[in-house]
Visitor: 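This is the structure I have questions about; it appears just below.
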Protein chains: 2
Amino acid sequence: MHIPNTFDANCPTRLILDRIADKWTVLALALLMGGPVRFNELRRRIDGVSQKMLSQTLKSLERDGLVSRKATPTVPVTVEYSITPLGATLAATIDGLRVWAECNINDVLAAQKRYDAV
Amino acid sequence: MHIPNTFDANCPTRLILDRIADKWTVLALALLMGGPVRFNELRRRIDGVSQKMLSQTLKSLERDGLVSRKATPTVPVTVEYSITPLGATLAATIDGLRVWAECNINDVLAAQKRYDAV
DNA sequence: CGGGATCCAAGGTGATACTG
DNA sequence: CAGTATCACCTTGGATCCCG
């Protein structure tokens with residue numbers, strides 16, 4: 001398996017990318033790697049996400065089989081989201097991105113500065 | 001370095017994600033791993049990208065120091081995009097995503113089918 | 001608490017036309 | 001060939017209100 005030299009509109013990569021290539025998805029997945037988290041807790045931990053976007057994101061993740069949702073009928077209701085085995089394999093990959101970001105953010109910012117100076 | 005339990009709005013991960021978490025960026029970066037490619041060639045290989053979005057994407061990538069642009073003043077002009085060393089390290093990480101997609105697309109599609117059936 | 005429904009503003013995006 | 005400029009659109013996403 002090597003790099004294709006073309007990306008068809010519905011090749012696997014595009015299909016997956018169209019679903020997960022947005023920050024909320026990546027962030028939610030990353031956080032859920034640490035264990036199950038409840039809705040509002042997740043919302044607090046992802047700075048700036050609206051409840052609409054978070055619920056939308058989680059619903060997509062659940063549909064894709066990457067996250068599972070467990071509601072316990074307490075009063076008021078308690079909902080816990082956790083990562084599935086499938087989701088965990090993706091999250092591991094995504095975590096590489098997080099690590100890259102932390103290691104290279106300075107280089108990127110420096111490049112931007114240089115570019116903008118011109 | 002381990003998983004944070006919070007993502008601040010301007011932590012490294014968010015800053016990077018805000019710039020690269022869209023399909024065109026990821027796809028362009030992946031294709032450039034194979035070596036320098038010219039503008040229209042890139043456009044042909046990324047099914048469905050408009051010239052506007054491609055040029056916008058490439059400009060961002062150049063600004064971030066991930067891709068370099070070399071114009072040779074032939075007539076008509078020839079422009080070649082290639083990945084930088086910094087970009088290559090990111091592309092390697094991103095490639096993990098592509099591989100994951102190819103390996104797990106069927107599981108994801110199956111999960112979607114199951115979800116939609118309910 | 002964990003959402004769904006609705007409304008609305010903003011800007012991302014494509015189509016088209018033009019240029020060096 | 002490799003873009004830029006303009007415009008019109010239409011989705012995205014925030015704000016708000018409501019409900020079980």
Visitor: Detail all sub-3.5 Å separations between protein N/O atoms and N/O atoms belonging to nucleotides 1-3 of chain C.
Guide:
| unit_1 | atom_1 | unit_2 | atom_2 | d |
| --- | --- | --- | --- | --- |
| C:dC1 | O3' | A:Arg38 | NH2 | 3.2 |
| C:dG2 | OP1 | A:Arg38 | NE | 3.1 |
| C:dG2 | OP2 | A:Asn40 | N | 3.0 |
| C:dG2 | OP2 | A:Asn40 | ND2 | 2.8 |
| C:dG3 | OP1 | A:Arg69 | NE | 3.1 |
| C:dG3 | OP1 | A:Arg69 | NH2 | 2.6 |
| C:dG3 | OP1 | A:Tyr81 | OH | 3.3 |
| C:dG3 | OP2 | A:Tyr81 | OH | 2.6 |
| C:dG3 | N7 | A:Gln51 | NE2 | 3.3 |

Visitor: Hey, is the main chain of A:Thr78 close enough, under 3.5 Å, to the side chain of A:Thr72 for a donor-acceptor pair?
Guide: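 It does hold such a pair.
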Visitor: Counting C-beta onward and ignoring hydrogens, is there a side-chain heavy-atom pair between A:Leu66 and A:Ile83 closer than 4.5 Å?
Guide: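 They are not in side-chain contact.
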Visitor: Can you tell me the distance, in whole Å, between the CG atom of A:Leu54 and the P atom of D:dG14?
Guide: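 Value for this atom pair: 11 Å.
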Visitor: Can any side-chain N or O of B:Asp95 pair as donor or acceptor with the backbone N or O of B:Ala91 at less than 3.5 Å?
Guide: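 Answer holds: no.
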Visitor: So, the side chain of A:Asp47 versus the backbone of B:Ala9: is there a donor-acceptor pair under 3.5 Å, distance only?
Guide: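 Yes, A:Asp47 side chain to B:Ala9 backbone: donor-acceptor pair under 3.5 Å.
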Visitor: Separation of A:Lys52 atom NZ from C:dC8 atom P, in whole Å?
Guide: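 Distance check: A:Lys52 NZ to C:dC8 P gives 13 Å.
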Visitor: Whole angstroms only, please: what is the CG-C1' distance between B:Asp22 and D:dT11?
Guide: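 That distance rounds to 16 Å.
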Visitor: Name each donor-acceptor pair under 3.5 Å that joins a side chain in residues 109-118 of chain B to protein atoms two or more places apart or in another chain, with its distance.
Guide:
| unit_1 | atom_1 | unit_2 | atom_2 | d |
| --- | --- | --- | --- | --- |
| B:Gln112 | NE2 | A:Asp64 | OD1 | 2.8 |
| B:Asp116 | OD1 | A:Arg63 | NH1 | 2.9 |
| B:Asp116 | OD2 | A:Arg63 | NH1 | 2.4 |

Visitor: Please give, in whole Å, the distance from D:dT11 P to B:Met53 CE?
Guide: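 Rounding to the nearest Å, CE of B:Met53 and P of D:dT11 are 16 Å apart.
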Visitor: Once you round it to whole Å, what is the distance between C1' of D:dT12 and CG of B:Asp18?
Guide: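 Checked: the CG to C1' distance equals 15 Å.
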Visitor: Tell me yes or no: between the side chains of A:Ser68 and A:Thr84, is some donor less than 3.5 Å from an acceptor?
Guide: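 The answer is no; no qualifying pair exists.
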Visitor: Measure from CD on B:Gln56 to C1' on D:dA5 and round the result to the nearest Å.
Guide: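 The answer, rounded to whole Å, is 13 Å.
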